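Have a look at the structure below, then the notes.
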There are 2 protein chains.
Amino acid sequence: MGREGRGTVGETDERQDRRIVPETTRRADRLPGNRYGNRPTMKDVAARAGVGLKTVSRVVNGEPGVTPDTERRVQEAIEALGFRRNDSARVLRKGRTASIGLVLEDLADPFYGPLSRAVEEVARAHGALLINGSSAEDPEREQELALALCARRVDGLVVIPAGDDHRYLEPEIRAGVATVFVDRPAGRIEADAVLSDNYGGARDGVAHLIAHGHRRIGFIGDMPRIHTAAERLRGYRAAMEDAGIAVEERWMSLGATNPERVRRAAEEMLSAPDPVTAVFAGNNRVTVTVIRVLAEQSRRVALVGFDDIELADLLQPGVTVVAQDAAALGRTAAERLFRQLDGSLVAPERIELPTRLITRGSGELPPAD
Amino acid sequence: MGREGRGTVGETDERQDRRIVPETTRRADRLPGNRYGNRPTMKDVAARAGVGLKTVSRVVNGEPGVTPDTERRVQEAIEALGFRRNDSARVLRKGRTASIGLVLEDLADPFYGPLSRAVEEVARAHGALLINGSSAEDPEREQELALALCARRVDGLVVIPAGDDHRYLEPEIRAGVATVFVDRPAGRIEADAVLSDNYGGARDGVAHLIAHGHRRIGFIGDMPRIHTAAERLRGYRAAMEDAGIAVEERWMSLGATNPERVRRAAEEMLSAPDPVTAVFAGNNRVTVTVIRVLAEQSRRVALVGFDDIELADLLQPGVTVVAQDAAALGRTAAERLFRQLDGSLVAPERIELPTRLITRGSGELPPAD
DNA sequence: CGCGCATCTGACAACGTTGTCCAGGCTCTA
DNA sequence: TAGAGCCTGGACAACGTTGTCAGATGCGCG
């Protein structure tokens, strides 16, 4: 423990190996010939087809210079043995893995589903596979994951950062790992980033509430160390300031987005002597909980949420949201990554995608006081 | 094209390589020394630290038999060069990759998010990474993906099948790739499967509607070739039969779950001369669209959906659903996979997880006719 | 009939790592 | 002080693939 290169996932390696390897490897070890659980190799295919090793390689890779007859013999041997090229060896030789890594926060969050899917589609179009993992909003776990992916020699990395210091990626980037940050920018390094216009979106959303007569507006958001949360708060403040409203501390609550915390925050704002008449919810998780809390209130409280949520249109009233296009974020990031890889990109850039205010009713409720 | 081993993703290889490799590799080629985009290797570290290759390996892997002083020197060299072990080479040597593959239908579907996440958590606990891809409900793409993962030599495969013939996996399974099917069983091969009780769940849901006085009940489901859809239909039929109700053809509609098709199907059932008074929706996608259609109706139509959906409790009326535990499906499958890998499992088994009827109002509406 | 050329094939090294095995130096004991 | 035994470190081969290059084979033409 701790004697490994800093940041490798290595410290669990030994245990892991012992856990994963046993049966099959032991079986293979007992067999004198092939390992890898008896998998046939090109050598085996070559022997069976009565040709040279390289000829098999040629057939498998569709390289020219093989007579139809030879090719047929090789194909038959491949079928008969159930041979499948070992891409690990191939990677080792070729230097590229045709796979990219995606580090995100939580695969189960409905916001990241479409984003991952978009990244995957782009990867697929480029013949690459996607390896992904969730950081669970833990910077250390993000680093561990990202470096593990680098150790697998992914060609590129799409990262939704949890932490705010990404200098640990410097050697990797220098070594040619294409890297794009999504949803939040990288910390302490220069790197491509594809973001939503969190500031502008939040400002628009809050301005929308103000336009409908609200002055005491609550903001419930994610932990302030998260860039999106900070930006959205900034947008909130800007909108309030534009309207000449002095923001009170107790209207703002930043922290974890679990239901308990959000519920507490919302209830506090709503039960104060001078309660807020509208709430701006900082992301989809928050919005969902706030909707629940508001449903229990006797007063009608206006609501605008950041991120669209499914069925938002069918609630009473419909939930007005600042929607970001998760798929577009993912797609843009992945495309940029592959442009890094083919060398058509040079300087890191920050791309900001616009958000869209979708009015459905909940933001148009008048202040009830 | 087409001369590859059948089923490899190889035919795109050449193009893909040309797309992905260029810049970096070219750069590396020009540099006489290291490839892999100049990445330092153990050899480089050894040279810099003035020790042997194997000593570096020992330090990196935390093996015993290195004096503190030597270890320090090696660590320094590692830091200085930004060395990171190349897991591809490691894999090649060791025979296990510490990664598992997940083939699912659509990462963007809210049902699969928690499932993937659960698989990932189990993998992580075993020190393995997760590689995943979406089949988009296309059997060919499923096969392509699964075999690509096998070529990467994943240790195991969790598959949510799109097709109904998985004999193509036989050589892989024989070669030791642990394989577990989730959500739907494998076709034409013996393999572990972790399923929900689709039949029982649907039967309970439909029985619930019948208990509230409905006789003309519609069923809108996924394509009949999909196992879950067929099972749920079977449950529907069983419940109807149990109640002595003769099912009419026009009450049942199976097909793609895109909004257009589902909308058309629902509207047809609802506008027939003797319209259905209740609808059983075959999965979450269907439920969402049916909710929309029902909201437009003047009549109150009862609804029970398979799969829980977020905010279902906040709609008017709340949506009654047959909930399955996506996370439990994923967790169970992944755990079983690792048990295959450590050899504590022998015979393939089919595990069925129970579903849970959650009543929220929409299923308790009386027939309106 | 012999030569040259084009085409097809195979031997070999290399990718970066780990397992095996042996050498050398050290300590400890007799 | 010599010998036994242990501990540390390194040389080497192997994992399965692909790139290089040279050899073999067959064909056409002079």
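Just so it is clear, the model here is predicted, and its values are computed rather than measured. Each chain gets a letter, A, B and so on, in the order the sequences are listed, and its residues count up from 1.
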Mutual orientation of the aromatic rings belonging to B:His166 and B:Phe181 [parallel < 30°, tilted 30-60°, perpendicular > 60°]: perpendicular

Whole angstrom value for the distance that separates P of D:dT17 from CZ of A:Arg84: 12 Å

Which of these nucleotides, [options], is closest to any side-chain atom of [X]?
X       : options                : answer
A:Leu53 : C:dG16, D:dT17, C:dT17 : D:dT17
A:Arg58 : C:dT18, C:dT9, C:dT17  : C:dT9
B:Arg90 : C:dT18, C:dG16, D:dT17 : C:dT18

Between [N] and [X], is there an OP1 or OP2 to side-chain N/O distance shorter than 4.0 Å?
X       : N      : answer
A:Thr70 : C:dT9  : yes
A:Thr55 : C:dT9  : no
B:Arg93 : D:dA14 : no
B:Asn61 : C:dT18 : yes
A:Lys54 : D:dT17 : no

Polar side chain donor-acceptor pair, A:Glu120 to B:Ser134, under 3.5 angstrom: yes

Of B:Val51 and B:Ala89, the one whose closest DNA chain D nucleotide lies more 5': B:Val51

Sugar-phosphate, base or nothing in reach of A:Thr67, heavy atoms under 4.0 Å: sugar-phosphate

Whether over 12 other heavy atoms sit under 6.0 Å from B:Glu190 CD: no

Atom CD of B:Glu170 with >12 non-hydrogen neighbours under 6.0 angstrom: yes

